[in-house]
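See structure below.
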Amino acid sequence: MITGFLSLLCLGLCLGYEHEQKNEKLPKPSLSALPRSVVEHNSNVTLKCQCHFQNVTFMLGKLQDSGYKKVQSSAGHDAEFLLMDLKPKNAGTYFCAYKITGSHEWSEKSEHLQLVVTDGHDRPEASSVKTNTRVIFATTFSCLVIFLLFPSVFLIYRCTQHGSSHEESNERFIQSGKSIPLD
Ligand SMILES: *[C@@H]1O[C@H](CO)[C@@H](O)[C@H](O)[C@H]1NC(C)=O
Ligand SMILES: *[C@@H]1O[C@H](CO)[C@@H](O)[C@H](O)[C@H]1NC(C)=O
């Protein structure tokens with residue numbers, strides 16, 4: 001009975017292990033930008049994806065655009081994706097992956113590559129996006145603070161009013177008796 005249970009358990013573990021092994025993805029490729037990842041408006045850039053295998057299919061994806069997908073087969077270890085006539089909208093975060101022949105699964109994704117397209121006046125597009133985000137964040141934060149501050153100030157005011165209304169009227173009386181102007 002126990003041996004039967006143990007062998008079943010072992011079988012389950014072995015199957016689980018095998019399943020895990022099958023799901024283990026291929027090691028991630030590396031992605032680089034040529035000549036560099038900060039490029040001028042209307043220029044070209046080559047995104048190069050490299051892996052340890054030969055005869056693979058590479059894909060290039062973009063984090064901000066799930067519909068963006070370029071696929072290229074290569075007999076070598078790498079593939080070059082040429083992006084031409086770059087516009088600010090081409091800026092963003094790119095990644096690549098590959099699959100070996102006979103496999104339907106993509107490898108693990110490469111490290112992210114940040115492509116920055118400058119507008120020709122040396123103002124990187126990404127930094128203006130960053131500034132925008134910062135402004136939005138600051139505004140939201142201020143609004144939140146004001147929103148929280150108002151009720152608490154009101155509450156404190158109500159409490160002190162309630163507590164000192166009696167006192168205050170006495171004080172006023174004394175003060176006016178001494179003819180000290182109230183403001
Ligand atoms: C971009 O590449 C195309 C095709 O290779 C070429 O005609 C064009 O001159 C290149 N543009 C720049 C700015 O290098
Ligand atoms: C790559 O594919 C070609 C033809 O499909 C084949 O002749 C070659 O041996 C393959 N290379 C490797 C390393 O698998």
Side-chain angles (χ1 to χ4, degrees), residues 11-150:
L11 187 70
L13 284 175
C14 293
L15 282 177
Y17 182 65
E18 202 172 313
H19 187 70
E20 223 168 70
Q21 283 251 307
K22 253 186 197 166
N23 274 1
E24 205 174 87
K25 290 198 169 172
L26 293 162
K28 61 183 169 193
S30 67
L31 183 63
S32 53
L34 300 168
R36 63 192 81 85
S37 60
V38 179
V39 290
E40 263 182 33
H41 196 238
N42 294 336
S43 67
N44 302 338
V45 73
T46 301
L47 299 185
K48 188 174 179 177
C49 190
Q50 278 177 291
C51 72
H52 294 299
F53 297 91
Q54 260 181 315
N55 280 354
V56 298
T57 305
F58 288 95
M59 72 84 96
L60 182 72
K62 192 176 177 186
L63 214 62
Q64 290 85 359
D65 182 2
S66 54
Y68 182 95
K69 189 177 177 185
K70 285 190 168 195
V71 176
Q72 194 175 311
S73 295
S74 166
H77 292 279
D78 55 34
E80 294 186 343
F81 297 92
L82 177 63
L83 309 185
M84 284 193 297
D85 198 19
L86 292 168
K87 300 279 177 270
K89 69 175 168 65
N90 296 120
T93 314
Y94 290 84
F95 59 86
C96 73
Y98 63 93
K99 61 182 172 191
I100 49 176
T101 29
S103 168
H104 298 291
E105 271 200 81
W106 291 106
S107 70
E108 224 179 299
K109 286 173 187 169
S110 68
E111 301 284 339
H112 292 159
L113 184 135
Q114 192 75 36
L115 184 69
V116 177
V117 180
T118 62
D119 65 1
H121 303 294
D122 275 337
R123 190 176 57 83
E125 198 61 30
S127 83
S128 81
V129 169
K130 227 180 249 175
T131 317
N132 274 349
T133 326
R134 208 177 293 164
V135 167
I136 290 166
F137 182 76
T139 314
T140 316
F141 188 71
S142 325
C143 283
L144 201 72
V145 166
I146 291 167
F147 198 72
L148 289 175
L149 211 63
F150 245 97

If you look at every heavy atom in [X] and [Y], which pair is closest and at what distance?
X     : Y      : value
Glu40 : Leu86  : O-CB, 4.4 Å
Phe58 : His77  : CZ-O, 3.4 Å
Ala91 : Lys62  : O-NZ, 3.2 Å
Met59 : Phe81  : C-CZ, 4.0 Å
Ala79 : Ser74  : CB-CB, 4.5 Å
Ala33 : Leu113 : N-CD1, 3.6 Å

| said: Has Ser107 got a side-chain atom pairing as donor or acceptor with Tyr98's backbone, closer than 3.5 angstrom? | reply: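 Looks like yes, one N/O pair under 3.5 Å.
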| Is the count of non-hydrogen atoms from other residues, nucleotides or ligands lying under 6.0 Å from Lys99 atom NZ greater than 12? |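 Count over threshold, so yes.
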| Near His112 NE2, under 6.0 Å, is it more than 12 heavy atoms from other residues, nucleotides or ligands? |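 Yes.
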| message | Is there a side-chain contact between Leu31 and Leu60 in this structure, where contact means two heavy atoms from C-beta onward sitting under 4.5 Å apart? | response |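 With C-beta onward as the side chain, the pair touches.
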Say you draw a straight line from [atom1] of [X] to [atom2] of [Y]; how long is it, rounded to the nearest 0.5 Å?
X      : Y     : atom1 : atom2 : answer
Leu34  : Leu82 : CG    : CG    : 10.5 Å
Cys96  : Gln50 : SG    : CD    : 9.0 Å
Asn42  : Met84 : CG    : CE    : 12.5 Å
Lys109 : Leu63 : NZ    : CG    : 7.5 Å

| field | Tyr94: partners by ring pair (Phe, Tyr, Trp, His ring centres under 6.0 Å), with sequence neighbours left out | value |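 Residues passing ring pair (Phe, Tyr, Trp, His ring centres under 6.0 Å) with Tyr94: Tyr68.
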Once salt bridge (Lys or Arg N to Asp or Glu O under 4.0 Å) is applied, do any residues pair with [X], and if so which ones, sequence neighbours excluded?
X      : result
Glu108 : none
Lys70  : none
Lys87  : Asp85

| query | In a check of side-chain contact (heavy atoms from CB on, under 4.5 Å) between Leu83 and each of Asn90, Leu47, Val39, which one passes? | reply |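 Answer to the side-chain contact (heavy atoms from CB on, under 4.5 Å) test with Leu83 among Asn90, Leu47, Val39: Leu47.
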| said: With side chain to side chain donor-acceptor pair (under 3.5 Å) as the rule and sequence neighbours excluded, what pairs involving residues 27-38 come up? | reply: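 Sorted pair list: Lys28-Glu111.
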| field | Residues in disulfide bond (SG atoms under 2.5 Å apart) contact with Cys51, at least two apart in sequence or another chain | value |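 Applying disulfide bond (SG atoms under 2.5 Å apart) to Cys51 gives none.
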| query | Thr93: what forms a side-chain hydrogen bond (donor to acceptor under 3.5 Å, both in side chains) with it, not counting sequence neighbours? | reply |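 Residues passing side-chain hydrogen bond (donor to acceptor under 3.5 Å, both in side chains) with Thr93: Gln64, Gln114.
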